[in-house]
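One structure is given here, and the rest of the page talks about it.
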Amino acid sequence: MAQTHTEGPASASILLIGEAPGADEEATGKCFKGHDGRVLDSLLYQTPIVREACLITNVARERPPGNRIDFYFEDKKCTRPTNKMQLFVEQLKKDILFFRPNIVIGLGRTALWALTGQTSISQFRGYVMESTLVPGQKCIFTYHPGAVDNEWKLHFPCVMDLRKGYANSSSPALPQDKRSLNATSSRREFLDYLLFLLHDHKAPIAVDIEVKNPGTHIDIIGFADSPNHALSFDFFNGRHPRYSTSDEMEIWLSVARVLSKCNTIMHNGLYDINVLWEKLHIFTKNFYADTLIAGHVVWPEHPRSLGFLASILLNVPAWKHTSNQFPTLYNVGDAANTYGIWNALEAEMIKQNIKSTFDFEMSQVKPASMLQLQGIPINRETQKKLLHDDSIDDNGIAKGIYPRIKQLDSEIESALGKKVNLNSSQQLQKVLYEDMNLPTQYKRRKSVNETRKTTADSEALKKLARISNNPTLDLILEWKKLTKLSQFIEVEPSPKGTVHTCYNITGATMLREDKGLLIDDEEQYRSFGRWSSSASIILPYGSGNLQNVPKVARKIYEVPGKVIVSPDYMQAEAVVVAYLIEDRKLIELFEESYGKTKKYRSENNLDVHKVTAADMFCFPIEEVTPEQRQIGKTIRHANNYSAGPGVLATKLNIPLAEAKRLMTLYHLKCPQLHLWHERIKDELRKTRTLYNLFGRKHKFTDRWGDNLFRSAYSYIPQSTVGDLMNKALVKMYENYPDLIDLLLQLHDAVYAYCDPSEVPFVMKAMKECMLMPLEVNGREFTIDVDFSIGETWGTMKEVEYTDYVKESL
DNA sequence: GATTTTACGTA
DNA sequence: CGTACGTAAAATCT
């Protein structure tokens, strides 16, 4: 079998190491000759590295069957090499010792494993390291070009790693770590350091805490006064406190003084300041900069964990892997690197002129912190009634959720003739497609290349119920619905009777409780600038995410003696889209209905969906039936997000051909939408970057194609409305601290509570905060605001603003 | 016991 | 060929 060999100029300062030869490499005997080679070339093209000036080789010198590297390993995790692989690694070692390049750039997991014994490429990429295979040998690792080609989000870190590799290639010396990090400071040392920060240090400081769970006890705190100097202090010795209560108190008092004086930099400081406040009543007075937020503003499309940002922005040794063996070393590294990352990100924001987005996100920290710690009270009586009410209505149907589920259980069991776990998609599919012989339903695919997957989701069940007329399917649907609903209602409140959530200003949640430590999740980074809501780590009471509670379950949320007032932006995304695509008819409609009462709007047919229907079917608007309005609504909705005719057919329950006809008709009547889509594609082609109406940028790094386009089409309206709402929320919090008591944020609505007598004042103030002019193509417009009021969160009713707020107010 | 898949709630 | 988010339970892997 043909082998590849290390090739290139013997005096090269860089040695590139891939994984194993593929078909093209095998045929030519050269490394990186085929598709991966072209990807590598395009990656290197964005760096100063010249491929011809580099040595280049692979770990495995022979092509494994099916190009599967695990062929050379005993185990699936690829940690125990076969004899053959051991020989390859020996050969690699010989080659490195022979050529002695200044730096080895390893491409992919296998190179990382061969040179260092480490296996997690995502954890160790981007850090200059010393090889364990060849001691003294400087190396750096990044993703394999094949992986980059598969997942385009890896492109950016890979290029950054290659650049770092080049920057470190001028000499064989390992970089010197100039930092002075004290991970084992004594109490005296630490106290003296805090005094120094308090009295002598003028610049900002960086802070990081570590907590022990459950209970969220702070066990380590670290401070840095520059990127190169940090101290960390451990309150515990194993599971026991190291110092007496009074000695510990002395430290906390000093910490509190420092945090009330110094400008503070943190990574995800929203968490730290909440823990410090909730557990110790330490107030971080000048929370000055957050590197999670800065990372989000600069690169919303990339990971924002400290480890990732450090790998991109700093030239420091990897330290995240020390978290388990040496927590204080990990903490002190966090503190110092947070400082360094902030310096780099601040410069980057100024360079890109996006500091205003950062300031805006920082201004959200205080209200978000308040909302999380305050929580929302629930009514345990309502909760009990919804779940357990065993009274029965006229049709013999139990009113409570649990009794009803019980009824459904037995009905379904007798209909199916056996007990089936309806939560199990497998078991349910067996019943539907084998026992009942119903036509198999398939999931919608993201692309035609994917294999079809069978499904038993609610869409499939609804369809089967329709075609088979079997009432059991409706029972199953109801069972599933109620089971899901019950999870939102059966929440355990805090001792104070409140339920808490964690708002993530930077979108997709970053932190996950994992073996008692907070670990960064590198998976999802889309974040269009809307807050996300997840389980509170500090006050773990409630169903977690509060932004997806179903209407019925919202009934348990109420503030005793108060009413809930909620403004929301009317047709917010549709208005933004109308102005973006310059849909004259709609713009006129929105301008005419702005500030008008519901009554006026309905009397004058100022209704988007009616207008759409009238336009499509060429009717006078007065004659549009409710059914036609629904069609108009569905089509507009589907088109705004560029859904296909298949979805429309399902939604409207019409044949595919009819759906296609309706869509064509819609685009004939509203050609601006497609034109706008083309403009967006043009922008993407040029820079892959879009800016929303507030200047928030987002780079779209997915593979070029329809999925990328759809994501991009939704970006500007979605993120603009999110930012608009948050700007209003910050205004409410800052301008009306006594009048507006905020309760919840739900993307395009906020909820506040107040005494019934205060409602007009609260409404007026909220509206004032929310009405903000936006601008598209030099045209100014304002999205109108609507109000709902209710005793509970689940019983909000739309009200007329002018019925409450008279001119005289 | 940890990780992945499937399903489903909201804007 | 809606997208964005987070969570729960089952299935699967080790």
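This one's a predicted model, so the numbers in the text were calculated from it and none came from an experiment. Letters go in sequence order (proteins before strands), and every chain restarts at 1.
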A:Trp299 ring center within less than 6.0 Å of A:Phe308 ring center: no

field: A:Phe590 ring center within less than 6.0 Å of A:Tyr579 ring center
entry: no

- prompt: Is there a side-chain contact between A:Tyr143 and A:Ser122, using heavy atoms and a 4.5 Å cut-off?
  reply: yes

query: On a plain distance test, is the side chain of A:Asn548 in donor-acceptor contact with the base of B:dG9 below 3.5 Å?
result: yes

Quick one: [X] [atom1] to [N] [atom2], roughly how many Å, whole number?
| X | N | atom1 | atom2 | answer |
| --- | --- | --- | --- | --- |
| A:Asp723 | C:dA4 | CG | C1' | 14 Å |
| A:Leu485 | B:dT10 | CG | P | 9 Å |
| A:Trp531 | C:dG6 | CH2 | P | 14 Å |
| A:Phe700 | C:dT3 | CZ | P | 13 Å |
| A:Phe709 | C:dA4 | CZ | P | 15 Å |
| A:Ile680 | C:dT3 | CD1 | C1' | 15 Å |
| A:Tyr569 | B:dA11 | OH | P | 17 Å |
| A:Lys453 | B:dT6 | NZ | C1' | 9 Å |

field: Sugar-phosphate, base or nothing in reach of A:Val549, heavy atoms under 4.0 Å
entry: sugar-phosphate

- request: Mind checking A:Ala553 for me? I need base, sugar-phosphate or nothing, with any heavy atom below 4.0 Å counting as a touch.
  value: nothing

Does a side-chain N or O of [X] approach OP1 or OP2 of [N] to a distance below 4.0 Å, or not?
| X | N | value |
| --- | --- | --- |
| A:Gln426 | C:dA9 | no |
| A:Lys480 | B:dC8 | yes |
| A:Ser532 | C:dG6 | yes |
| A:Thr455 | B:dA7 | yes |
| A:Asn421 | C:dA10 | yes |
| A:Lys484 | B:dA7 | no |
| A:Gln429 | B:dT6 | no |
| A:Ser425 | C:dA11 | no |

To the side chain of [X], which of [options] is closest?
| X | options | value |
| --- | --- | --- |
| A:Phe488 | B:dA7, B:dG9, B:dA11 | B:dG9 |
| A:Arg530 | C:dT3, B:dT6, B:dA11 | B:dA11 |
| A:Ala535 | C:dA11, C:dG6, C:dT7 | C:dT7 |
| A:His637 | C:dG2, C:dA11, B:dT6 | C:dG2 |
| A:Gln487 | C:dA9, C:dT7, C:dA4 | C:dA9 |
| A:His747 | B:dA7, C:dA9, B:dA11 | B:dA11 |
| A:Arg554 | C:dA11, B:dT10, C:dA9 | B:dT10 |

Within 45° cone of A:Phe709 ring axis and under 6.0 Å: A:Lys681 NZ or CZ: yes

message: Please determine whether a side-chain nitrogen of the Lys or Arg among A:Lys462 and A:Glu459 lies less than 4.0 Å from a carboxylate oxygen of the Asp or Glu.
response: no

Electrostatic pair A:Asp682:A:Arg685 at N-O distance under 4.0 angstrom: yes

message: Quick check on DNA chain C: between A:Gly542 and A:Asp706, whose nearest nucleotide comes earlier from the 5' end?
response: A:Asp706

task: Hey, could you give me the CG/OG1 distance between A:Leu539 and A:Thr501, rounded to the nearest 0.5 Å?
output: 11.0 Å

- prompt: Which base sits across from C:dA4 as a Watson-Crick or G-U pair, both distances under 3.5 Å?
  reply: B:dT10

